[in-house]
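Here is how names work: the chains are called A, B, and so on, in the same order as the sequence lines, proteins then strands, and each is numbered from 1.
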There are 2 protein chains.
Amino acid sequence: MNVVNESPRRKELTRLAAQLFVQEGFDRTTVRMLAQEMGIKSGSLFHHFRDKQEILAAVIEEGTQNALTLAHQALEECGDSADERLHAMARAHLQTLLTDRNAHVVALYEWRRLDAAARAHLSHLRDAYEELWERVIDEALAAGLIHGDRFLVSRFVMGALNWTVRWYDPEGARKPDDLAHELVAMITSSSRAS
Amino acid sequence: MNVVNESPRRKELTRLAAQLFVQEGFDRTTVRMLAQEMGIKSGSLFHHFRDKQEILAAVIEEGTQNALTLAHQALEECGDSADERLHAMARAHLQTLLTDRNAHVVALYEWRRLDAAARAHLSHLRDAYEELWERVIDEALAAGLIHGDRFLVSRFVMGALNWTVRWYDPEGARKPDDLAHELVAMITSSSRAS
DNA sequence: GGTTTACACTAGCGCTTGCTTGGTTGATCT
DNA sequence: AGATCAACCAAGCAAGCGCTAGTGTAAACC
């Protein structure tokens with residue numbers, strides 16, 4: 001019987017599922033498609049996951065967990081100034097899009113397909129990540145680096161960043177660091193032109 | 001037989017479909033649900049639309065068309081300064097979220113469910129809207145109102161604005177004009193605090 | 001060396017899906 | 001008065017859906 005274990009096989013399957021969910025969307029991805037991609041038959045899939053919902057939850061949990069870890073790490077490694085911390089957060093966010101893009105896209109666009117139980121569980125993770133952003137933005141406000149309403153500014157910034165998954169091309173010339181720098185320059189009152 | 005006509009009934013059905021697509025998502029909205037919401041039987045639905053895809057296309061087309069019309073109108077009515085034009089665009093965008101929210105959410109989140117033919121047709125409309133934004137941002141750059149990379153700034157702004165559908169509460173205290181003002185203040189180099 | 005465990009298979013059940021078919025109604029036009 | 005037409009309904013088909021039941025097998029464990 002399957003449980004909610006964390007076998008390495010399950011991790012690999014979750015990664016493959018994320019890719020398919022991005023390509024086709026959760027609802028259009030059938031268990032048979034998932035199984036084929038994984039090289040097994042559809043019945044065998046339910047040895048690893050209780051049901052299709054649990055696969056979605058696993059994908060989103062991993063993606064959000066990674067983003068949170070990376071953001072924490074970035075904040076610890078950077079300097080203390082509000083400017084540096086703002087840069088670090090933006091850079092970390094964009095870097096996860098390179099390493100973990102699929103899981104992120106799923107988290108953003110298939111969130112509503114989670115059932116109530118999974119959503120309750122995962123919203124804590126998501127909130128933790130958003131609160132991290134709000135804290136850094138608070139610091140930037142306090143330091144006089146940016147101005148405006150705390151709530152609105154953080155939403156605008158999150159929107160600008162999350163929207164990047166729609167157009168950002170990892171193969172292109174622009175590096176995550178460039179984007180992070182440009183974004184921070186846009187919202188701070190600096191007057192340097194690029 | 002049904003054609004791609006523009007009967008008033010069809011418009012009404014499109015509006016109802018938009019609401020259901022937002023509530024449930026396109027894939028989870030069955031033709032039976034749509035029919036019930038419209039007060040008819042599922043078979044009768046195919047008198048008005050060739051297939052389910054066409055309903056989605058109709059919803060998105062209307063929403064985007066309206067947004068484009070409103071933006072054009074706003075630009076004509078406002079002053080000539082880059083600042084005024086920036087404000088006008090932001091205000092128009094947020095106002096459509098009040099009057100036409102459902103269609104917009106569908107356009108943003110169910111775009112990928114369009115088949116290739118519909119997508120090709122509708123992408124022209126969407127591009128026209130985005131180009132309008134880029135033009136206004138170009139003007140703001142030329143006027144020295146904002147700084148940075150033309151492409152990046154417009155993407156960031158579009159992201160911040162489109163993300164509003166996730167958190168903006170039309171019943172709340174914040175009015176579209178407030179948001180528009182705050183957003184423009186954030187990206188321009190003004191140093192006024194609010 | 002016997003038992004357990006992890007992982008996979010085959011086969012298919014019960015249900016829902018988008019869509020079709022053939023026919024009925026009431027208003028409008030000639 | 002007859003013809004036309006948009007709008008609807010009842011019934012159902014073929015395909016696909018998530019998921020289950022029961023079995024096989026090789027490695028791991030006591």
Check your understanding: Is the distance from OP1 or OP2 of D/dC9 to the nearest side-chain N or O of B/Ser44 less than 4.0 Å?
Key -> yes

* Is any side-chain N or O of B/His48 closer than 4.0 Å to OP1 or OP2 of D/dC8? -> yes

Whole-Å distance, B/Leu34 CG to C/dT16 C1', equals 15 Å

When rounded to whole Å, the CD1 to C1' distance for the pair A/Ile55 and D/dG18 reads 11 Å

### Task
Tell me whether the OP1 or OP2 atom of C/dC7 has a side-chain N or O from A/His47 closer than 4.0 Å.
yes

Determine, for A/Arg155 against A/Glu134, whether the closest basic-nitrogen to carboxylate-oxygen distance falls under 4.0 angstrom.
yes

DNA chain D nearest-nucleotide lookup for A/Met33 and A/Gly43: closer to the 5′ end is A/Met33

With B/Arg85 as partner, the option from B/Glu76, B/Glu77, B/Glu139 fulfilling salt bridge (charged side-chain N to carboxylate O under 4.0 Å, His left out) is B/Glu139

Please determine whether a side-chain nitrogen or oxygen atom of A/Arg9 lies at a distance below 4.0 Å from atom OP1 or OP2 of C/dA8. yes

Rounded to whole Å, the CD-C1' distance (B/Glu12 to D/dA7) equals 15 Å

To the nearest angstrom, the CG-C1' distance between A/Leu45 and D/dC19 comes to 11 Å

Query raised in the report: Taking the six-membered ring for Trp, are the ring centroids of B/Trp167 and A/Phe151 within less than 6.0 Å of each other?
Result: yes

Between B/His48 and B/Glu54, the two heavy atoms sitting closest are O-OE2, 4.1 Å

Stacked cation flag A/Arg166 on B/Trp111, 6.0 angstrom / 45 deg | no

Using a 4.0 Å heavy-atom cut-off across all strands, classify A/Thr30 as base, sugar-phosphate, or nothing. sugar-phosphate

Residue pair B/Gly39/A/Asp27 against DNA chain D: nearer the 5' end by closest nucleotide is B/Gly39

In whole angstroms, the gap separating P of D/dG18 from CZ of A/Phe46 amounts to 7 Å

From NZ of B/Lys41 across to C1' of D/dA6 the rounded distance in Å is 20 Å

From CZ of B/Arg32 across to C1' of D/dA10 the rounded distance in Å is 12 Å

So what does A/Lys52 touch, heavy atoms closer than 4.0 Å: a base, only the sugar-phosphate, or nothing?
-> sugar-phosphate

A/Leu56 CG to D/dG18 P, in whole Å, measures 13 Å

Out of C/dA8, D/dC19, D/dC9, minimum distance to the side chain of B/Ile40 belongs to D/dC9

